[in-house]
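Input: a single structure, listed below in C-alpha cells.
Since the structure is predicted, the reported quantities are computational estimates derived from the model, not experimental observations. Along the sequence shown, residues carry numbers from 1.
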Amino acid sequence: MVKMSASFVKGTATSIKHNNRDFKEKDWETKYHNHINREREKDNKYLQSTPIREKYDELFGEEVERYNATQKRKDRKIDDYFDKVKNDKTLNTQYEFIVQVGTKDDFDLYSNYKIANEILEEYTENFEDRNPHLKIYNAVIHNDEASPHLHLNVIPVAEGYKQGMRKRPAFNKAIEEQGFERTGDSRQVFRDWRNSELSEIETLMNKREIERVKVGTNSIQSMPEYKKIKGELEDKKNELERTKSEVVALAGDTSKKVDISKLGAKYETKTVKVPSGEFIGKGKLKYEFKKNEEQKTGNVVIPKQKLDKFLQDHDDLYKANQRLKRYVETDLPKENKELIDDYNDLRHRFNVNVDDYNDLLEQKRSLEKENKTLKDTVKSLKKEIGSIYLNVKDAFKRILGDSKQLKDVLKGITHEISKNAPRGEFERLNENENKQERTRSRGMSR
C-alpha cells in the first residue's frame, strides 16, 4: 500500500488575489511568486469563487434587516455588516485552511498527482455537509507549486445569540454548534475539529488504498524551544552541506602523471657500446667503429628525503580515496530527504503552535471587549441608580420635609436594598450623603 502524509493547517493571512492567481505581469515578477510554475498555472482547479461581500449578504443580509428593524436609533443600525466585522477586534471576517496530501517527493509519479487532486476535490465537495456552520466562499487547488494543495476559505456562521445580531461569524461557537464540546480551553475545540477533518481526509486516502503516515505533533511548548529546534535543524543542514562539498572536492581531485623531476629523481643509466656509423676498410676487411652511449636501465634514483615525502603523499592519497569511497557509499539522497522531512515536521508543528497562539489572541480580544462592555454597563447602572436615589429622596422630602424621619426612611430603604446587594451603589450614596451632612453639622457647631 502506498504511504503518504496529510496536513491541515490554519492560515495566518489570506490573499484571495494570490489564491486565484489574479496577477498582473508586475505581480508575477516579484520574488514572492518565484515558487510558482506559470506553465502549470492552467492545471489549477478553481472549485468555488464568490466575492466575500456577496457571500456576507447571502449569509447575514436577512438577519441585518431584522436587527435594523428593531433599532429606533439610527446610529445603532448596521449599514455594512462586513465592514462592521472587519473593524471588530473580537471577530474575523473569514478563515483560511491549507489542506495537503503527500509531500513533493511523492509527486514524481503522475498517478500520485492525480489521486491527490481527487482526494482534495472530494474533500471540498463534502465539506459543508460535515460543517453546516462553515460556508465556503473560495476554494482552489494549486497544481503549479511543488505539490498539490487546497486553499479553503470559509465564513463561520454561529447562531443562538439572544441580544444584537442573532447570527455572527464566530468560529469557535460555530463548530461547537456542530457538536464539538468544549472540554478545556477554546483551543481544544479547534484541535478536536481539525483532527476530525484529518480523519475524513484519511478515509478518502484509504478509499484509494493509500495509508496515511502521521507526522508532526504539538510538542513545542514555547518560542525558545522552537528556536532551539530550528537551530539544531540548521546545524544538521550545514553539516550535510559540508559533507557534500567534501565529496565534490574529493571527486574532482583527478590524479595526474607524476613529474619525477619535481621529486629530485633521476633515471639510472649505464655506459654501453653502440655502432658509431663510421667504417674503415672495404669488403671483408670493412670494420665499424663503436662508441660509448648512456642508456636508461629502467631504474630511478631518488634522494631518500624525497622518497619519504612521496610515500607519505601516496599514503595520504590512499586515505582520501578510502574516505571518498565511504562518502560515496553513504546514502546522501536519503539523508537529504530525512532533513526535508524534519523541516516539514518542524514547520507543521510551528504552524499548529501559531494556530494555538491565534486562538488565544482571539479569546483575549473577546474577553477585552466583554470587559469593556461590562465596565460601560456598570458605569451606566451607577448613574441610573444615582438618579433613582435622588428621585426617591426628593419624593420623600416633599412628603416628610427635611427631618429626622426622612433620614430614617432613607436608612430603612437602604437597609432593605443592601440585604440583596451588600455594599451596593444605593448604600454608598446614602453613606456619602450622611458623611457630608455630619461634616456640615460639625462646621456649623464651631
Side-chain angles (χ1 to χ4, degrees), residues 12 56 60 63-95 133 155-177 181-190 354-395 410-411 413-437 439:
T12 56
Y56 257 70
F60 302 105
E63 175 58 22
V64 170
E65 289 181 6
R66 185 207 65 79
Y67 171 80
N68 285 342
T70 64
Q71 301 302 310
K72 295 180 179 180
R73 287 172 49 178
K74 187 176 181 181
D75 60 332
R76 288 187 176 180
K77 294 185 177 182
I78 299 172
D79 293 327
D80 189 318
Y81 189 56
F82 176 79
D83 283 342
K84 179 177 174 61
V85 173
K86 190 176 180 180
N87 295 320
D88 190 329
K89 293 182 179 180
T90 67
L91 295 172
N92 289 326
T93 56
Q94 59 91 53
Y95 290 81
H133 289 273
I155 300 170
V157 180
E159 301 177 350
Y161 292 94
K162 295 181 179 179
Q163 295 182 345
M165 287 281 291
R166 294 176 183 172
K167 292 169 64 175
R168 302 176 194 175
F171 184 82
N172 282 352
K173 182 171 173 56
I175 56 177
E176 285 176 20
E177 289 174 357
E181 296 181 2
R182 180 180 296 195
T183 56
D185 57 26
S186 60
R187 294 174 294 172
Q188 185 60 47
V189 180
F190 172 76
V354 170
D355 290 342
D356 292 342
Y357 171 78
N358 286 337
D359 287 340
L360 276 177
L361 187 62
E362 183 179 337
Q363 189 176 8
K364 175 177 174 289
R365 288 171 176 169
S366 178
L367 288 173
E368 285 176 346
K369 183 180 180 182
E370 185 177 350
N371 187 41
K372 184 179 182 303
T373 301
L374 287 173
K375 284 182 177 179
D376 292 342
T377 302
V378 169
K379 186 177 179 180
S380 176
L381 285 173
K382 283 184 176 181
K383 188 175 180 180
E384 190 172 344
I385 291 171
S387 178
I388 293 172
Y389 178 83
L390 292 175
N391 289 336
V392 169
K393 179 185 173 183
D394 289 343
L410 289 175
K411 184 178 180 181
I413 294 172
T414 302
H415 178 71
E416 289 299 319
I417 292 175
S418 65
K419 288 180 180 179
N420 297 320
R423 304 301 302 166
E425 184 67 10
F426 209 92
E427 186 177 358
R428 187 187 69 79
L429 290 170
N430 184 250
E431 287 181 357
N432 286 345
E433 191 169 81
N434 290 336
K435 285 179 182 178
Q436 290 174 6
E437 187 170 339
T439 301

Exercise. Roughly how far, to the nearest 0.5 Å, is CZ of F190 from CG of N172?
Worked result: 9.0 Å
Problem set entry | H133 NE2 to E176 CD distance, which is reported to the nearest 0.5 Å | 11.5 Å
Seminar exercise, completed: Here the salt bridge (charged side-chain N to carboxylate O under 4.0 Å, His left out) pairs for residues 64-73, sequence neighbours left out, are E63-R66, R73-D75
For this session: Could you note down all residue pairs passing salt bridge (charged side-chain N to carboxylate O under 4.0 Å, His left out) where residues 156-167 supplies at least one of them, sequence neighbours left out?
Result: none
Problem set entry | Whether over 12 other heavy atoms sit under 6.0 Å from K77 NZ | yes
Minimum heavy-atom distance between [X] and [Y], given as atom pair plus value:
X: A158; Y: A174; answer: CB-N, 3.8 Å
X: Y67; Y: T70; answer: O-OG1, 2.6 Å
X: I78; Y: N68; answer: N-OD1, 2.8 Å

Problem set entry | All ring pair (Phe, Tyr, Trp, His ring centres under 6.0 Å) counterparts of Y81, not counting sequence neighbours | F60
For this session: Find out whether Y56 and D80 are in side-chain contact, i.e. whether some heavy atom of one side chain is under 4.5 Å from a heavy atom of the other.
Result: no
For this session: Flag the pair V64 / M165 as yes when at least one side-chain heavy-atom distance between them is below 4.5 Å, and no otherwise.
Result: yes
For this session: Identify, with sequence neighbours excluded, every residue that meets side-chain hydrogen bond (donor to acceptor under 3.5 Å, both in side chains) alongside D88.
Result: T90, K369
For this session: List in chain and number order the residues that pass salt bridge (charged side-chain N to carboxylate O under 4.0 Å, His left out) with D79, two or more places apart in sequence or in another chain; answer none if no residue qualifies.
Result: none
